[in-house]
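For reference, the structure is listed below as structure tokens.
Remember, predicted model here, so these are calculated numbers, not experimental data. Below, chain A is the first sequence line, B the second, and so on; all start at residue 1.
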There are 2 protein chains.
Amino acid sequence: MKIERYSEGVSLKRSVDSGTDEQRNTVRDIILDVRNSGDLALFTYTERFDGVKLTGLKVTEKEIEEGTAALSKEHIAIIREAAGNIQSFHQKQQRNSWMTTDETGTMLGQKITALDAVGVYVPGGTAAYPSSVLMNVLPALVAGVQRIVMVSPPAKDGKLAPVVLAAAKIAGVTEIYKVGGAQAIAALAYGTQTIAKVDKIVGPGNIFVALAKREVFGDVAIDMIAGPSEIAILADETAVASEAASDLLSQAEHDPRACSVLVTTSLKLAEEVSAEVENQLARLPRREIAEQAIKDYGRIILCEDTADAVEAVNELAPEHLEILTEKPLEVMAKIRHAGAIFLGRYSSEPVGDYFAGPNHVLPTNGTARFSSPLNVDDFQKKSSIIMYSEDAFRDNSAKIAAFARLEGLEAHARAVEARKTNKGGSAGCSGLQT
Amino acid sequence: MKIERYSEGVSLKRSVDSGTDEQRNTVRDIILDVRNSGDLALFTYTERFDGVKLTGLKVTEKEIEEGTAALSKEHIAIIREAAGNIQSFHQKQQRNSWMTTDETGTMLGQKITALDAVGVYVPGGTAAYPSSVLMNVLPALVAGVQRIVMVSPPAKDGKLAPVVLAAAKIAGVTEIYKVGGAQAIAALAYGTQTIAKVDKIVGPGNIFVALAKREVFGDVAIDMIAGPSEIAILADETAVASEAASDLLSQAEHDPRACSVLVTTSLKLAEEVSAEVENQLARLPRREIAEQAIKDYGRIILCEDTADAVEAVNELAPEHLEILTEKPLEVMAKIRHAGAIFLGRYSSEPVGDYFAGPNHVLPTNGTARFSSPLNVDDFQKKSSIIMYSEDAFRDNSAKIAAFARLEGLEAHARAVEARKTNKGGSAGCSGLQT
């Protein structure tokens with residue numbers, strides 16, 4: 001890996017694949033077709049794109065049990081334990097509705113409500129990751145979402161991957177359908193005869209899925225559009241080079257466009273990590289992918305001191321950040337922008353990918369500047385509550401009417417004044433009875 | 001207004017203006033031009049679209065003082081008091097970072113950080129509302145955002161509306177620029193010589209502003225795309241017809257596409273409100289707008305009982321909901337989908353628009369099913385914190401490696417196992433020192 005000295009202005013940004021005009025038009029046509037023809041369109045596209053003629057879309061209880069039975073007891077136990085950890089961490093994110101009162105009897109508050117229904121997209125084929133099922137489903141479950149609908153494209157044999165079905169069952173998915181691509185997103189957004197529409201769609205997918213999510217955005221909510229994975233490691237001379245190198249490679253094996261960056265104050269470590277990466281690369285099964293990623297996006301940035309290194313990391317705003325320094329908590333306090341922060345050598349990034357509990361769906365491509373890990377808030381929404389008392393109203397109505405007139409909105413002013421003229425005139429709803 | 005009996009499937013949805021191909025191309029060209037030419041492009045477009053040749057973009061301290069001086073002391077005092085109420089409500093939304101520990105010494109947590117910089121778009125001309133400045137700026141300020149940048153298109157005299165400048169000063173905006181339209185959004189998203197880029201853009205605007213926000217979405221965060229305003233009133237026979245009618249009209253005067261709906265269990269009230277609306281309409285300054293809105297989107301829905309009325313409101317998922325019933329809190333508890341809920345006759349909707357404290361930037365067009373009022377969370381983001389202890393790591397590393405191999409990600413498994421082989425071999429960062 002190339003070692004370069006830090007100069008301001010480092011960036012992880014890679015160009016985002018926003019699709020070709022042809023792809024965008026294809027996606028629009030598919031969505032329109034699903035809106036018009038419902039299930040029929042889903043069967044047609046599944047035959048065309050996935051090469052399988054289905055007789056039903058819904059995955060049966062029997063199929064789910066078969067899927068679960070195909071996994072070893074050990075694997076099931078590990079997935080269950082991971083699910084428990086994820087659930088437990090996300091429960092700590094739970095918020096309550098609140099209300100405040102004042103001496104006049106006015107009540108103001110914020111009511112938290114779970115979304116009614118959420119759709120989770122799970123890619124098919126080799127990219128079908130059970131950990132991704134857990135990470136997308138469990139925050140919704142903890143949030144109190146009643147309907148959690150999973151969709152995934154079937155393989156040529158008309159089935160979904162056993163490991164995905166097992167993870168869906170463990171996570172508590174309520175419905176599973178064999179449909180993928182833009183047609184699955186359209187079905188979730190607008191509903192068909194078999195699939196009732198949802199309020200939000202989450203989960204990763206290929207370019208057609210990403211374009212379809214952008215297209216339906218507004219009619220339903222969507223999660224972020226995820227880019228290739230990233231890791232930055234902020235390390236000083238106390239870090240173990242072989243460990244840092246293996247963590248850089250664990251990101252690189254995801255995708256030829258994945259980004260692995262070491263930010264360090266130690267030239268010795270920089271040189272050792274560079275050598276270790278070459279060394280370990282040679283023995284990796286996904287060597288070709290990792291090698292390409294390291295070649296194109298791997299960097300070692302040498303900094304004068306820790307303050308410089310912190311500045312570099314804040315500029316990068318990485319998806320994953322490992323802090324491998326003598327005093328990692330002190331460094332963490334100064335980090336403003338990172339999706340997930342792993343402290344110390346026992347917090348290797350895969351610990352968080354699978355097991356520790358925090359979500360592995362994280363903001364990429366510098367968006368940690370303004371985005372968060374997937375969390376319980378993403379599956380709930382707020383309503384403001386305003387219950388003005390008669391006293392507060394009489395004290396403030398003239399001011400409110402004056403403000404409305406300052407903006408030229410006379411009907412607003414009159415709506416407030418309508419109450420003044422009704423003083424004592426009605427036995428009607430007072431707003432103070434419950 | 002037409003009275004109809006409730007049957008399932010009512011909807012507030014109006015078609016969203018997604019712009020013409022020509023408009024989209026214009027917006028893309030403007031954005032590209034601002035990215036390439038910076039300030040120069042801003043001056044050019046301001047001359048072309050706003051008809052004014054500026055010599056500088058930044059609003060000076062002197063201009064802000066002149067703006068504030070143009071307002072009466074009474075109006076300044078009202079705006080200040082409203083700002084105080086809004087600030088106070090939003091402070092209650094503040095959340096803390098948290099950490100948990102377990103007996104092995106593992107620490108997991110969530111760190112909350114304010115965004116670094118936020119841009120607030122404020123429309124020009126007659127739609128320049130000081131209340132909108134307060135509602136968009138103050139949650140960012142409460143969240144801890146250090147840089148709050150306001151942009152607004154100048155009038156022909158090269159100035160911004162005094163009332164907007166006064167509100168900006170009261171709210172605590174840190175920079176103000178005279179630029180509007182798609183070019184202002186591009187400047188906020190990508191930066192120019194004069195305007196440094198921000199992390200999130202909020203605030204309403206015309207179709208060009210809305211299209212530009214959609215276009216830069218992903219490179220920066222944006223708020224929701226707002227549609228025309230809506231109100232639903234859920235009322236029983238205890239409601240005062242003239243008050244309900246004036247509240248319906250206060251929404252209708254905003255926009256010919258605004259939507260005002262009465263949902264009631266009382267035929268008598270339905271008939272009285274219908275008559276009152278006609279009556280009051282005749283005397284409104286913005287009669288033409290309100291009349292069109294009531295004609296096209298005004299509805300009175302008559303329900304069998306309160307349960308039916310609640311169901312109808314949940315289907316509508318209105319931006320504003322007034323509950324004018326004998327026991328409004330009991331009804332509120334059953335409402336799942338509404339942006340802001342106003343209880344009782346002293347909580348006329350304009351009370352919330354201007355003064356009570358909760359935000360008036362609210363989800364429209366049925367999006368209250370999955371969106372929230374603008375709030376402090378919108379200006380902060382989270383980072384997960386993972387600090388695994390040596391004990392926890394040794395207990396779980398084999399399981400984590402097995403999970404990684406189940407997904408075919410060998411480098412992930414090896415990253416975990418790299419630590420095992422270093423047992424006792426390093427005096428390096430333990431993750432347990434601070």
- Message: Which atoms of A:Ala333 are under 4.5 Å from chain B, going by heavy atoms: the side chain, the backbone, both sets, or neither?
- Response: backbone
- Looking only at heavy atoms, what is the nearest atom pair of A:Ala368 and B:Lys381, with distance? O-NZ, 3.2 Å
- Message: Within this structure, what is the CE-CD1 distance for the pair A:Met387 and B:Ile323, rounded to the nearest 0.5 Å?
- Response: 10.0 Å
- Query: B:Ser383 and A:Ile341: which non-hydrogen atoms are nearest, and at how many Å?
  - Reply: CB-CD1, 4.2 Å
- Considering only heavy atoms from C-beta outward, does the side chain of B:Leu406 approach that of A:Ile79 to under 4.5 Å? yes
- A:Gln110 side chain near B:Lys92 side chain, heavy-atom distance below 4.5 Å: no
- Query: Within the side chain of B:Lys111, is there an N or O that forms a donor-acceptor pair under 3.5 Å with the backbone of A:Ile335?
  - Reply: yes
- Query: Measuring heavy-atom distances to chain A, does B:Ala317 have an atom under 4.5 Å in its side chain, in its backbone, in both, or in neither?
  - Reply: neither
- Message: For a quick test of reading the model, state the closest non-hydrogen atom pair linking B:Ile400 to A:Pro350 and the distance between them.
- Response: CG2-O, 3.7 Å
- Item | Residue pair A:Trp98 / B:Gln93, side-chain heavy-atom distance below 4.5 Å | yes
- Message: So for B:Thr100, is it side chain, backbone, both, or neither that comes closer than 4.5 Å to the heavy atoms of chain A?
- Response: side chain
- Among the options B:Leu362, B:Val118, B:Val351, pick out the one with the most heavy-atom pairs lying under 4.5 Å from chain A. B:Val351
- Rounding to 0.5 Å, atoms CG (A:Leu409) and CD (B:Gln251) come to a distance of 10.0 Å
- Message: Whether A:Arg419 and B:Glu243 form a salt bridge (side-chain N of Lys/Arg under 4.0 Å from carboxylate O of Asp/Glu) is what I want to check.
- Response: yes
- Message: Aromatic contact between B:Phe403 and A:Tyr354, with the criterion being ring centroids under 6.0 Å apart: yes or no?
- Response: yes
- Message: At a heavy-atom distance under 4.5 Å, which candidate from B:Ser72, B:Ser18, B:Gly109, B:Ser97 has the highest pair count against chain A?
- Response: B:Gly109
- Applying a strict 4.5 Å limit to non-hydrogen atoms, the region of B:Val163 in contact with chain A is side chain
- Query: Should the pair A:Lys399-B:Glu81 be classified as a salt bridge under the 4.0 Å nitrogen-to-oxygen rule?
  - Reply: yes
- Heavy-atom distance under 4.5 Å between the side chains of B:Pro358 and A:Leu108, does that happen here? yes
- Who wins among B:Asp116, B:Asp353, B:Asp378 for the most heavy-atom pairs under 4.5 Å with chain A? B:Asp116
- Message: Could you tell me if B:Tyr346 and A:Glu390 have a donor-acceptor pair between their side chains, going purely by distance under 3.5 Å?
- Response: yes
- Item | Atom pair CD (B:Glu410) and CG (A:Leu249), whose distance is rounded to the nearest 0.5 Å | 12.0 Å
- The interface call for A:Phe379 against chain B, heavy-atom contacts under 4.5 Å, is neither
- Task: Rounded to the nearest 0.5 Å, what's the gap from CD1 on A:Ile385 to CG on B:Leu321? Could you check?
- Result: 9.0 Å
- Item | Which atoms of B:Arg336 approach chain A - backbone, side chain, both or neither, heavy atom under 4.5 Å | both
- Query: So which of A:Met224, A:Glu74, A:Glu237, A:Arg214 has the largest heavy-atom pair count under 4.5 angstrom toward chain B?
  - Reply: A:Arg214
- Nearest 0.5 Å please: distance from the CD1 atom of B:Ile386 over to the CE atom of A:Met332. 11.5 Å
- Answer with side chain, backbone, both or neither: which region of B:Thr367 has an atom nearer than 4.5 Å to a non-hydrogen atom of chain A? side chain
- Note on the structure: chain A shares the most heavy-atom pairs under 4.5 Å, among B:Glu349, B:Lys200, B:Gln380, B:His337, with B:His337
- Task: Flag the one option from B:Ala114, B:Gly408, B:Pro130 with the top tally of heavy-atom pairs under 4.5 Å to chain A.
- Result: B:Pro130
- Pairwise distance OG(A:Ser384) to CG(B:Asn359) - rounded to 0.5 angstrom: 7.0 Å
- Item | Residues A:Asp219 and B:Arg369 bridged, charged N to O under 4.0 Å | no
- What's the shortest heavy-atom distance between A:Asp199 and B:Phe370, and which atoms? O-CD2, 3.3 Å
- Task: For B:His412, enumerate each residue passing the ring-ring contact (aromatic ring centres under 6.0 Å, His included) test, keeping only those at least two apart in sequence or located in another chain.
- Result: A:His254
- Quick one: what part of B:Ala82 sits under 4.5 Å from any heavy atom of chain A, side chain, backbone, both or neither? side chain
- Hey, which of B:Gly352, B:Ala392, B:Ser371 has the most heavy atom pairs under 4.5 Å with chain A? B:Ser371
- Aromatic centroids of A:Tyr388 and B:Phe342 separated by under 6.0 Å: no
- Side chain, backbone, both or neither: which part of B:Asn375 has an atom under 4.5 Å from a heavy atom of chain A? side chain
- Task: Report the C-alpha separation of A:Leu284 and B:Arg414 in whole Å, then their side-chain angles, then the decisive distance to 0.1 Å, and conclude whether the side-chain contact (heavy atoms from CB on, under 4.5 Å) test is met.
- Result: CA-CA 9 Å; A:Leu284 276 186; B:Arg414 291 189 192 172; 3.8 Å; yes
- Can you say whether A:Asp377 sits under 4.5 Å from chain B via the side chain, the backbone, both, or neither, judging by heavy atoms? side chain
- Query: Which pair of heavy atoms, one from B:Ser132 and one from A:Glu407, lies closest together, and at what distance?
  - Reply: N-OE2, 4.5 Å
- Which answer fits A:Thr113, side chain, backbone, both or neither, if we ask what part of it has an atom under 4.5 Å from a heavy atom of chain B? side chain
- Message: Quick check: closest heavy atoms across B:Ala418 and A:Ser246, and the distance to 0.1 Å?
- Response: CB-OG, 3.6 Å
- Contacting region of A:Arg283 [heavy-atom separation from chain B under 4.5 Å]: both
